[in-house]
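The structure under discussion appears below in the form of structure tokens.
First the proteins, then the strands, lettered A, B, ... as listed; each starts at 1.
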2 protein chains.
Amino acid sequence: MPDETRNIVRECLAMRVRMLNRMVTAIYDAALAQAGLKISQFTVLVAVTNLGECRPKDLAKALEMDESTLSRNVERMCARGWLRLKPDQDRRGHLIALTDRGAALIHKAMASWRRAQEEAQRQLGPEGVAAVKAAVRRMRG
Amino acid sequence: MPDETRNIVRECLAMRVRMLNRMVTAIYDAALAQAGLKISQFTVLVAVTNLGECRPKDLAKALEMDESTLSRNVERMCARGWLRLKPDQDRRGHLIALTDRGAALIHKAMASWRRAQEEAQRQLGPEGVAAVKAAVRRMRG
DNA sequence: CACGATTATTTGTATATGCAACAATCAGCC
DNA sequence: GGCTGATTGTTGCATATACAAATAATCGTG
């Protein structure tokens, strides 16, 4: 049995990707704490800015995130006044929009993001950075 | 503002790593559901097998995971009878040990893990796989 | 236009994640 | 032996994650 499991530790991609996720997330969360948010939330704010007013489904797709997860993240961010919901033609849903406070927060968090980004790049090295980008491109492509 | 945020989406490493994490985790969780566990739990079982009876701190370090997170994961897994706690010399803590049921579960889950591993490798491609491994090695190194 | 199928989103439930504060024990020193 | 600082681990709190089921509105077709 130990032979099998040792092999898993050497090979398992999920183990590695999840570890990488924890390490990288920690870097960004630590930096963004100064601005009072987490990378998960920053990511949503940025995505909404780029998409413009958008439907939950589109946002979830853009972030490759489960719709129910996003639903509750948006809920919390609305409660904080960073996002708000607007009625849509299709009355099954609504549009998610950035508020002024949300936009201000992105601006305020920019310096923290840049610091985290530099630190992550430093720790990963140029090859590591390229590697991560390539891996994601492959999987989504 | 959109200029800045578009740049973030293009560059942000956390966004990519987290996306990769969600995609890869989903592949393994879907496969392991057949055996009644998740990749997060499978990972702990395998790590305990390799370390042997171990203290929470060592296990957390091996998995690059917060001790409090691990504490509660172990708790759930004890409740299911996969792990159990044994007294240690150092009475502040205890040793985490695999039970027979835990060992049997690993065995039962092997085929599912292999299927997930193959699927993840297929989606990432050889370069993607190498990329992920290299990135982790760099960060932990 | 009515009705069943489809689509959009939220809720129920469970797990996972981590920071900060806490309790318990240990180790070293006097 | 008994204090004091360090180490080990758990708990309180908040957020994040996702599958399945429920809800609500739209669409397509007879």
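Grouping the Ile, Leu, Val, Met, Phe, Trp and Tyr side chains by contacts below 4.5 angstrom, directly or via other members, places A:Leu63 apart from A:Leu95.
Across all non-hydrogen atoms, the minimal contact from B:Val24 to A:Ala14 is CG1-CA, 3.7 Å. Between A:Arg92 and A:Asp90 the shortest heavy-atom distance is NH2-OD2, 2.6 Å. Contact detail for B:Arg140 and B:Ala62: the closest heavy-atom pair is NH2-O, 3.6 Å. Nearest heavy atom pair, residue B:Val74 against residue B:Ile96, reads CG2-CD1, 3.9 Å. Between B:Leu37 and B:Ala109, the closest heavy-atom pair is CD1-CB, 4.3 Å. Looking at every heavy atom in both residues, B:Ala97 comes nearest to B:Glu53 through CB-CG, 3.8 Å.
Of the charged side-chain nitrogens involved, at least one lies within less than 4.0 Å of a carboxylate oxygen, so that B:Lys133 and A:Glu11 count as a salt-bridged pair.
Looking only at distances, no side-chain donor or acceptor of B:Ser71 sits under 3.5 Å from a matching main-chain atom of B:Glu67. Between the side chain of B:Arg16 and the backbone N or O of B:Arg10, at least one donor-acceptor pair lies under 3.5 Å. Within the 3.5 Å criterion, the main-chain N or O of A:Asp66 finds no donor-acceptor partner in the side chain of B:Arg22.
For the residue pair A:Thr25 / A:Asp29, no side-chain donor-acceptor distance below 3.5 Å is found, with atom types taken as modelled. Between B:Asn21 and B:Arg18, the side chains place no donor N or O within less than 3.5 Å of an acceptor N or O (distance only, hydrogens not considered).
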N/O contacts under 3.5 Å, protein versus nucleotides 1-4 of chain D?
none

Tabulated below should be each protein N or O lying under 3.5 Å from an N or O of nucleotides 21-27 of chain D; please produce it.
unit_1	atom_1	unit_2	atom_2	d
D:dT26	OP1	A:Arg91	N	3.2

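The distance between atom CZ of B:Arg18 and atom P of D:dA18, rounded to the nearest whole Å, is 10 Å. The distance from atom CZ of A:Arg22 to atom C1' of D:dT17 is 14 Å, rounded to the nearest whole Å. Atom NE2 in B:His94 sits roughly 13 Å away from atom P in D:dT8 (whole-Å rounding). Atom-to-atom, CG of B:Leu85 to P of D:dG9 comes out at 11 Å; the value is rounded to the nearest Å.
For D:dT17, one of the phosphate oxygens OP1 or OP2 lies less than 4.0 angstrom from a side-chain nitrogen or oxygen of A:Asn73. A close approach under 4.0 Å does occur between a side-chain nitrogen or oxygen of B:Lys57 and OP1 or OP2 of D:dT8.
Summarising the local packing, CD of B:Gln34 is surrounded by 12 or fewer heavy atoms from other residues, nucleotides or ligands at distances under 6.0 Å.
Applying a 4.0 Å cut-off to non-hydrogen atoms, the residues of residues 62-69 of chain A that approach DNA chain D are A:Met65, A:Asp66, A:Ser68, A:Thr69, listed by residue number. Listed in residue order, the members of residues 75-84 of chain A having a heavy atom less than 4.0 Å from DNA chain D are A:Arg76, A:Arg80. At a non-hydrogen distance threshold of 4.0 Å, nothing from residues 29-37 of chain A comes into contact with DNA chain D.
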Please determine whether side-chain contact (heavy atoms from CB on, under 4.5 Å) holds for the pair A:Leu124 and A:Leu20, giving the CA-CA distance in whole Å, both sets of side-chain angles, and the decisive distance to 0.1 Å.
CA-CA 10 Å; A:Leu124 279 168; A:Leu20 198 61; 4.3 Å; yes

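Looking at which nucleotide of DNA chain D each of B:Ala26 and B:Ser71 is closest to, the 5′-most match is held by B:Ser71. Residue whose closest nucleotide on DNA chain C sits further toward the 5' end, between A:Asp58 and B:Ser40: A:Asp58.
Among the atoms of the strands shown, base atoms are found under 4.0 Å from some heavy atom of A:Arg72.
For DNA chain C, the span of nucleotides reached by chain A at under 4.0 Å from its heavy atoms goes, 5' to 3', from C:dT7 to C:dG18.
From B:Arg84, atom CZ reaches atom OG1 of B:Thr99 across 7.5 Å, with rounding to the nearest 0.5 Å.
Residue B:Tyr28 forms a side-chain hydrogen bond (donor to acceptor under 3.5 Å, both in side chains) with just one option from B:Gln117, B:Glu119, B:Lys38, and that option is B:Gln117.
With contacts defined as side-chain heavy-atom distances shorter than 4.5 Å, the pair A:Ile27/B:Met139 qualifies. No side-chain heavy atom of B:Cys78 sits less than 4.5 Å from a side-chain heavy atom of B:Glu75.
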